[in-house]
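All of these numbers come straight from a predicted model, not from anything done at the bench.
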Amino acid sequence: MTHSEDSQRTNHESNGAEGNDSPKYFRYNPMRIIQWYRNLKDIDRFTFWIVVLTFFLVVMTGVQVLSYVESERAQILIEDIIVKDVDPFLLNPVDTILVLKNVGRHIAVITKVNLRVGFFIINKDLPKYPDYPDQFNISAVFTPVLPGGTYPMFIKNVAEPFTIPMEVVIKGVNDGTIPLRVFGVIEYDTGYWLSFGTIGFCFTYIPPSKRVSNQKFQACDNQRYTYYR
């Protein structure tokens with residue numbers, strides 16, 4: 001055998017059989033798993049399948065527990081928003097009543113409220129993404145909301161320094177030239193450990209001349225402000 005043929009044979013062996021002995025080959029070769037299983041003793045095979053079945057049983061149990069919590073937990077929705085006395089004679093601040101309803105099956109305990117009533121005088125549009133500064137957090141003790149029950153949350157808004165008279169602002173709100181929006185986020189205890197509820201909301205005031213029903217607010221166009229968890 002010539003030196004060239006010997007080199008080719010050596011290269012062939014290194015690229016073939018010896019290459020198959022690399023750790024990467026063993027890791028991704030399914031035949032080694034089958035061979036490993038076939039070499040197990042009967043008791044080891046039995047233990048292997050017990051472990052597999054136990055794993056799937058734990059997973060299914062976890063799924064059932066999460067499904068049960070999801071079906072039995074408290075769930076808060078915004079049933080109505082009332083802005084008191086929006087008329088040309090109103091002086092700042094605007095009083096807001098946020099009517100919450102618990103459509104879940106457990107008592108809801110409100111833990112945090114960040115709410116804003118905004119008059120969009122110059123920039124008529126909402127920010128692209130919601131931002132809830134800590135200065136708008138409401139620190140209060142809220143009454144637990146029973147399943148199927150409602151809770152009126154009275155909000156006394158802090159006066160804002162407007163560059164135009166308040167009477168002009170209210171007139172703009174009523175004729176639709178100045179949007180009035182109520183938006184924020186509410187966090188609450190759903191009644192189950194490691195299960196917390198959050199609702200983001202945003203509603204725009206409908207001027208009397210543009211209403212087609214008794215509804216005074218409609219959901220904002222930007223859906224990033226509206227979510228349920």
Closest non-hydrogen atom pair, [X] against [Y]:
X: Tyr225; Y: Pro127; result: OH-O, 2.9 Å
X: Pro179; Y: Thr177; result: CD-O, 3.8 Å
X: Tyr188; Y: Arg73; result: OH-NH2, 3.1 Å

Hey, any chance [X] and [Y] share a hydrophobic cluster, counting ILVMFWY side chains that come within less than 4.5 Å of each other, even indirectly?
X: Phe55; Y: Trp49; answer: yes
X: Leu146; Y: Ile76; answer: no
X: Ile122; Y: Val117; answer: yes

Does the side chain of [Y] come within less than 4.5 Å of [X]'s, by heavy atoms?
X: Phe120; Y: Ile178; result: no
X: Ile78; Y: Leu100; result: yes
X: Thr198; Y: Tyr228; result: no

Query raised in the report: Under the ring pair (Phe, Tyr, Trp, His ring centres under 6.0 Å) test, which residues partner Phe217, sequence neighbours left out?
Result: Tyr205
Query raised in the report: Relative to Tyr227, does Arg229 satisfy both conditions: NZ or CZ under 6.0 angstrom from the six-membered ring centre, and within 45 degrees of the ring's axis?
Result: yes
Query - Stacked cation flag Arg116 on Phe183, 6.0 angstrom / 45 deg - result: no
Query raised in the report: Which residue pairs pass the disulfide bond (SG atoms under 2.5 Å apart) test with at least one member in residues 187-229, sequence neighbours excluded?
Result: Cys202-Cys220
To the nearest 0.5 Å, what is the distance between [atom1] on [X] and [atom2] on [Y]?
X: Arg45; Y: Ile43; atom1: CZ; atom2: CD1; answer: 12.0 Å
X: Phe203; Y: Ile206; atom1: CZ; atom2: CD1; answer: 10.5 Å
X: Met153; Y: Ile97; atom1: CE; atom2: CD1; answer: 12.0 Å
X: Asp44; Y: Lys41; atom1: CG; atom2: NZ; answer: 7.0 Å
X: Leu180; Y: Ile81; atom1: CG; atom2: CD1; answer: 9.5 Å
X: Arg181; Y: Asn222; atom1: CZ; atom2: CG; answer: 9.5 Å

Query raised in the report: Does the side chain to side chain contact (heavy atoms under 4.5 Å, CB included) test come out yes or no for Leu126 and Thr204, once each step is laid out?
Result: CA-CA 10 Å; Leu126 275 169; Thr204 302; 5.9 Å; no
Hey, can you pull the donor-acceptor pairs under 3.5 Å for the side chains in residues 106-113, sequence neighbours left out?
from: Thr111; atom 1: OG1; to: Glu187; atom 2: O; distance (Å): 3.1

**Report entry** Qualifying residue, where the test is side-chain contact (heavy atoms from CB on, under 4.5 Å) with Phe201 and the options are Leu115, Val185, Thr226
**Finding:** Leu115
Query raised in the report: Hey, is the main chain of Phe196 close enough, under 3.5 Å, to the side chain of Asp189 for a donor-acceptor pair?
Result: no
Query raised in the report: Okay, side chain of Asn102, backbone of Gln75: is any donor-acceptor separation there less than 3.5 Å?
Result: yes
Report task. For Arg105, check salt bridge (Lys or Arg N to Asp or Glu O under 4.0 Å) against everything at least two apart and list the hits. Result -> Glu72
Query - Listed partners of Asp80 passing salt bridge (Lys or Arg N to Asp or Glu O under 4.0 Å), at least two apart - result: none
Query raised in the report: For residues 117-133, which residue pairs qualify under side-chain hydrogen bond (donor to acceptor under 3.5 Å, both in side chains), counting only residues two or more places apart or in two chains?
Result: none
